[in-house]
Amino acid sequence: MNRHLKGSILLLSAFSFSSMASTTCNSLTGCEKKFCEIEYQIEQAKQYDNQYKVERLTTALKATKENCTNEALKDELREKIESNEEDLAEYQTDLEKAKQDNRSDKIKKYQRKIEKEQRKIDDLKQELSEIP
């Protein structure tokens, strides 16, 4: 139980770090945003005296600064969009089959998945459009 509670707290802390980092770094785009988010996570790890995480994030920041290009980020986003569009097409096929089988539970399930996937695609396209 104690280990479960610690894991839950750690997960919530990680989520809140990401949320705060996205707020702090929102005005940035591309590689600068990525650097900012990692630097924010490093500061949070320092506050919680998590030296192992600080070291890992510092290594990640160094590698990111050496290798990050806006064009590479654009390519990565395009690949994610393509993958999500493939998932969307599968869900639409599954939805059509559920409609043919008159399975209202499956219809609702796939409609939710389609909406969620479309939001992901829209978010990725927005992020892509913001990178110079």
Side-chain angles (χ1 to χ4, degrees):
M1 176 85 172
N2 192 11
R3 200 177 344 168
H4 177 70
L5 182 60
K6 285 181 182 178
S8 297
I9 291 170
L10 185 59
L11 179 63
L12 288 173
S13 297
F15 179 72
S16 65
F17 294 164
S18 297
S19 298
M20 291 296 289
S22 64
T23 303
T24 304
C25 305
N26 257 356
S27 62
L28 302 173
T29 60
C31 293
E32 292 301 319
K33 184 174 185 174
K34 200 168 199 168
F35 302 153
C36 177
E37 289 172 346
I38 296 171
E39 288 166 349
Y40 183 83
Q41 290 178 16
I42 290 170
E43 290 307 312
Q44 292 300 308
K46 285 179 181 177
Q47 283 184 353
Y48 286 90
D49 200 28
N50 188 340
Q51 191 56 39
Y52 176 71
K53 190 168 187 176
V54 169
E55 290 170 7
R56 286 189 359 232
L57 287 167
T58 303
T59 301
L61 180 61
K62 181 180 177 192
T64 302
K65 285 187 175 185
E66 289 174 359
N67 300 310
C68 187
T69 65
N70 285 343
E71 203 52 48
L73 288 176
K74 288 179 184 180
D75 289 344
E76 185 179 314
L77 285 169
R78 287 184 194 109
E79 288 175 17
K80 286 181 183 178
I81 291 169
E82 185 178 318
S83 174
N84 287 12
E85 286 175 340
E86 289 170 4
D87 293 344
L88 179 62
E90 286 179 30
Y91 294 145
Q92 288 170 332
T93 300
D94 293 339
L95 174 62
E96 290 307 313
K97 182 170 180 354
K99 285 180 178 179
Q100 289 173 357
D101 296 343
N102 202 24
R103 298 280 313 267
S104 62
D105 59 327
K106 295 283 185 179
I107 291 170
K108 289 177 185 177
K109 172 186 171 182
Y110 289 117
Q111 286 174 333
R112 282 191 306 272
K113 285 187 174 209
I114 287 168
E115 290 170 8
K116 183 178 177 182
E117 204 63 43
Q118 189 59 57
R119 280 192 303 273
K120 284 183 191 177
I121 291 168
D122 292 344
D123 290 346
L124 289 169
K125 285 181 178 179
Q126 177 64 36
E127 189 176 343
L128 178 62
S129 72
E130 293 171 356
I131 297 175

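- Put simply, the residue from Arg103, Lys97, Lys99 that forms a salt bridge (charged side-chain N to carboxylate O under 4.0 Å, His left out) with Asp101 is Lys97.
- Using a 4.5 Å cut-off on side-chain heavy atoms (C-beta onward), Lys116 and Arg112 make no contact.
- Remark: Glu82 does not engage Arg78 in a salt bridge, criterion side-chain N to carboxylate O under 4.0 Å.
- Hydrophobic clustering of Ile, Leu, Val, Met, Phe, Trp and Tyr side chains at less than 4.5 Å, counting indirect connections, keeps Ile131 apart from Phe35.
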Check the pair Lys125, Glu85 against salt bridge (charged side-chain N to carboxylate O under 4.0 Å, His left out), reporting the backbone distance first and the verdict last.
-> CA-CA 11 Å; Lys125 285 181 178 179; Glu85 286 175 340; 3.7 Å; yes
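- Cluster annotation: Leu77 and Ile38 are assigned to distinct hydrophobic clusters (Ile/Leu/Val/Met/Phe/Trp/Tyr, side-chain heavy-atom contacts under 4.5 Å, transitive).
- Considering CD1 of Ile107 and CG of Leu95, their distance stands at 6.5 Å, rounded to 0.5 Å.
- Between the side chain of Asp87 and the backbone N or O of Glu117 there is no donor-acceptor pair closer than 3.5 Å.
- For the pair Thr59 (side chain) and Glu55 (backbone), a donor-acceptor distance under 3.5 Å is present.
- Between Leu128 and Lys74, some side-chain heavy-atom pair lies under the 4.5 Å cut-off.
- Put simply, the side chain of Pro132 reaches to within 4.5 Å of the side chain of Thr29, judged on heavy atoms.
- When only modelled atom types and interatomic distance are considered, Asp122 and Gln126 share no side-chain donor-acceptor pair under 3.5 Å.
- For the pair Thr69 and Leu73, the minimum side-chain heavy-atom distance is 4.5 Å or more.
- Other residues, nucleotides and ligands place no more than 12 heavy atoms under 6.0 Å from the CG atom of Asp49.
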